[in-house]
Amino acid sequence: MTFTPTCQSRLADVVTHPWLTVFTATYNRAETLGRTYKSLLELRRPVDTATGKTEEFEWIIVDDGSADETPALVEGWCRDNLLPIRYYRQKNQGKHVAFNNGVGVARGYMFGDLDSDDTYHPDAFKVFYESWNSLSDDQKAVCKGVTGRCVSPHTGEIIGSRLPYEPFIDTVMELRYRYNVTGEMRGVILTDLMRRYPFPVISEGSRFCPETIVWLEMARKYKELVVDRPVLVYNDDASDALTKGRSTNRARENFFLWKAMVNECALRYLRYNPKEMLKAFVGISRDGLLTSRSPRAIVKAVDGWREKLLVTALMPAGAVLALLRR
């Protein structure tokens, strides 16, 4: 089925090969989407030093079935024609479906995910562009994109701990679990690569897919450049409208998250970050039992014999937590 825009600005017909696609999935976020729009109006565009060309970006909004004033709001921005905007609507299916649809229609070389209650730092585009172009061709061949840091809207300071060294070219698992770097981060990923790694529909009727599942799959082959430079202002004053009114018990979805972590990285990083890795070994049993899987089926979902042994040994803890959750 063709995914066609509900409306688009005239500039969207002009900017057909942008360097960056900014993607926003939204659900009843009319009260915060305006500040996201304002931050894009203030986004500074980088210049190609070789050609003198100013690089462009586009904004793709995928509305996951909003029932508020979002359509009228975005239609007004399209008429104003201050940005290349394409606005799509889908029935309520969750961000992972919206994400896949957004990737499918993106025109940019890079693809950046910007939440509908967050704002880009004015220099975010320049940070992504300049950082990527600082890499050699050999480095670009093994990198999926560029990741920067989030800053507090109150202090302007980077949230979390600093990188262990720069340039940091490795997987996000190394960053988080070996070096224990904390704090929110946002980045851009090669659009062509995103098309090769779509978000799975992990269970029928699910409106949520843990993003880590895809990032772990990518990390088998690709690293990323992480920089200690601000790219996003992290606003925490809005309710989570993308999941508002929905169950917070995500045992069905989280079982697949724990499965991915146990199979991909938990044993490797156990000595560096035992708390987080043991959480995965226990979590797969807890959420497996909560979703009516047998102990045998839970162990069968795990690949390596060492991982199977640890899951079996920690299953009593998972069973107790499942009983408490029920």
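None of these values were measured; they are calculated from a predicted model.
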Participant: What pairs meet the ring pair (Phe, Tyr, Trp, His ring centres under 6.0 Å) rule with one or both residues in residues 69-91, with sequence neighbours excluded?
Facilitator: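 As it turns out, the ring pair (Phe, Tyr, Trp, His ring centres under 6.0 Å) pairs with a partner in residues 69-91, which skip direct neighbours, are F3-Y88, Y37-W77, W59-W77.
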Participant: Ignoring hydrogens and angles, state whether a donor on the side chain of Q93 or D64 is under 3.5 Å from an acceptor on the partner side chain.
Facilitator: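 There is no such pair between these side chains.
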Participant: Give me the one residue out of L114, V127, D123 that meets side chain to side chain contact (heavy atoms under 4.5 Å, CB included) with V231.
Facilitator: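 When L114, V127, D123 are each tested with V231, the side chain to side chain contact (heavy atoms under 4.5 Å, CB included) holds only for V127.
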Participant: More than 12 foreign heavy atoms under 6.0 Å from CD of E69: is that the case here?
Facilitator: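 Not more than 12 within 6.0 Å, no.
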Participant: Is the shortest side-chain N to carboxylate O distance from D115 to R29 below 4.0 Å?
Facilitator: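 Salt bridge absent between D115 and R29.
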Participant: Between the main-chain N or O of D303 and the side-chain N or O of N263, is there a donor-acceptor pair closer than 3.5 Å?
Facilitator: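 Between the backbone of D303 and the side chain of N263 there is a qualifying donor-acceptor contact (under 3.5 Å).
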Participant: Mark yes when over 12 heavy atoms from residues, nucleotides or ligands other than R195 sit less than 6.0 Å from its CZ; otherwise mark no.
Facilitator: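 More than 12 heavy atoms, drawn from other residues, nucleotides or ligands, come within 6.0 Å of this atom.
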Participant: Quick one: is the NZ or CZ of R293 closer than 6.0 Å to the six-membered ring centre of F256, and within 45° of its axis?
Facilitator: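 Relative to the ring axis of F256, which defines the angle, R293 lies inside both limits.
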Participant: Would you call R178 and D170 a salt bridge, taking side-chain N to carboxylate O under 4.0 Å as the test?
Facilitator: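 Looking at R178 and D170, the cut-off is not met.
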Participant: Which residues pass the salt bridge (charged side-chain N to carboxylate O under 4.0 Å, His left out) test with R271, not counting sequence neighbours?
Facilitator: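 By the salt bridge (charged side-chain N to carboxylate O under 4.0 Å, His left out) rule, R271 matches no residue at all.
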Participant: Verify the ring-centre separation between F23 and F111: is it less than 6.0 angstrom?
Facilitator: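 That pair passes the under 6.0 Å test.
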Participant: For K140, does the NZ atom have more than 12 heavy-atom neighbours from other residues, nucleotides or ligands under 6.0 Å away?
Facilitator: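 Check passes, neighbour count above 12.
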Participant: Before accepting this row, confirm whether a basic side-chain N of the pair E174/K223 lies closer than 4.0 Å to the acidic partner's carboxylate O.
Facilitator: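 Answer for the salt bridge query: no.
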Participant: Could you check whether the rings of F168 and Y165 sit parallel, tilted or perpendicular, using 30° and 60° as the cut-offs?
Facilitator: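 Tilted: the ring planes of F168 and Y165 meet at 30° to 60°.
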Participant: Strictly distance-based, threshold 3.5 Å: is any side-chain N or O of N81 a donor or acceptor partner for the main-chain N or O of R10?
Facilitator: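 Checking the backbone N and O of R10 against the side chain of N81, a donor-acceptor pair under 3.5 Å is found.
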